[in-house]
Amino acid sequence: MDDIKLHTDEPRLAALLGFRERVWQLVAAIPRGHVATYGQIATLAGSPQQSRLVGRILSRLPTDTRLPWYRVINAHGKISNPNPVRQQQLLEQDGIEVKLYRVKLPAYQWLP
DNA sequence: CCTATGACCATAG
DNA sequence: CCTATGGCCATAG
């Protein structure tokens with residue numbers, strides 16, 4: 001359901017897809033070993049004020065999604081997920097250092 | 001169509 | 001470090 005399908009070139013795609021689909025696309029593009037913030041994804045998706053919606057969209061992903069949703073954290077570098085233990089484990093599997101549910105953003109933030 | 005909801009964010013205290 | 005507040009607006013129902 002959250003699989004990304006590119007049928008056309010980028011600009012056209014952005015115009016056709018809704019915000020939610022662009023969020024999926026962007027999250028899928030976060031490289032292993034890096035993180036992005038909700039606000040960053042919202043900005044890249046074209047709506048800088050929609051950080052809240054990014055969290056809401058991620059919260060609705062199916063449990064078996066292959067999207068690396070766990071690479072998205074808040075602007076303070078902290079995990080916002082109500083179940084932070086799993087997210088921390090997944091980040092650590094990526095080789096990211098997490099202390100008390102916090103990540104050093106300057107070291108790990110994705111810069112597209 | 002109308003409304004409530006948010007895994008946010010910046011700011012203020 | 002913490003809590004409180006207002007803004008934001010696509011999405012879900």
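Chain letters run A, B, ... following the sequence lines, proteins first and then strands; every chain starts at 1. On a predicted model such as this, the values are computed, not experimentally measured, just so you know.
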_A:Ile57/A:Val27 under side chain to side chain contact (heavy atoms under 4.5 Å, CB included): CA gap, chis, key distance, verdict_ = CA-CA 11 Å; A:Ile57 288 166; A:Val27 172; over 6 Å; no
Please report the distance, rounded to the nearest Å, between [atom1] in [X] and [atom2] in [N].
X: A:Arg20; N: C:dG13; atom1: CZ; atom2: P; result: 11 Å
X: A:Arg60; N: B:dA7; atom1: CZ; atom2: C1'; result: 12 Å
X: A:Trp69; N: B:dG6; atom1: CH2; atom2: P; result: 18 Å
X: A:Ile30; N: B:dA7; atom1: CD1; atom2: P; result: 18 Å
X: A:Asn74; N: C:dC2; atom1: CG; atom2: P; result: 12 Å
X: A:Ile57; N: C:dA12; atom1: CD1; atom2: P; result: 8 Å
X: A:Ile41; N: B:dA7; atom1: CD1; atom2: P; result: 17 Å
X: A:Arg86; N: B:dA7; atom1: CZ; atom2: P; result: 16 Å

*Taking only side-chain nitrogens and oxygens of A:Ser80, does any of them come within less than 4.0 Å of OP1 or OP2 of B:dC8?*
yes
*Phosphate oxygens OP1/OP2 of B:dA10: is one of them under 4.0 Å from a side-chain N or O of A:Arg52?*
no
_Most 5' of A:Ser51 and A:Lys78 on DNA chain C, judged by nearest nucleotide_ = A:Lys78
Per [X] side chain, nearest of listed nucleotides [options]:
X: A:Leu58; options: C:dC2, C:dC8, B:dA7; value: B:dA7
X: A:Phe19; options: C:dA10, B:dC9, B:dG6; value: C:dA10
X: A:Gln49; options: C:dC9, C:dT11, B:dC8; value: C:dC9

*Hey, which sits more toward the 5' end of DNA chain B by its nearest nucleotide, A:Thr37 or A:Leu53?*
A:Leu53
_I'd like to know if the side chain of A:Gln89 pairs up with that of A:Gln93 as donor and acceptor (distance under 3.5 Å, no hydrogens or angles considered)._
no
*Within the distance-only criterion (no hydrogens, no angle test), does the side chain of A:Gln40 pair as donor or acceptor with the backbone N or O of A:Trp110 below 3.5 angstrom?*
yes
*Give a yes or no on whether a donor-acceptor pair under 3.5 Å exists between the nucleobase atoms of C:dT11, that is its base, and the side chain of A:Arg56.*
yes
_Separation of A:Gln109 CD from A:Lys104 NZ (nearest 0.5 Å)_ = 15.0 Å
*Can you list the steps and then say if A:Tyr70 with A:Gln87 is a side chain to side chain contact (heavy atoms under 4.5 Å, CB included)?*
CA-CA 5 Å; A:Tyr70 57 88; A:Gln87 185 166 1; 3.7 Å; yes
_Once pairs are restricted to Watson-Crick or G-U wobble with both distances under 3.5 Å, how does DNA chain C read as a dot-bracket string, [ ] for crossings and | for other-strand pairs?_
.||||||.|||||
_Would you say A:Val85 ends up clustered with A:Val98 if hydrophobic residues are merged whenever their side chains have heavy atoms under 4.5 Å apart, either directly or through other cluster members?_
yes
*asked:* For the CD atom on A:Glu92, are there more than 12 heavy atoms of other groups (residues, nucleotides or ligands in this structure) within a distance under 6.0 Å?
replied: yes
_Applying a 4.0 Å non-hydrogen cut-off, can you work out what A:Arg71 is touching in the nucleic acid: base, sugar-phosphate, or nothing?_
nothing
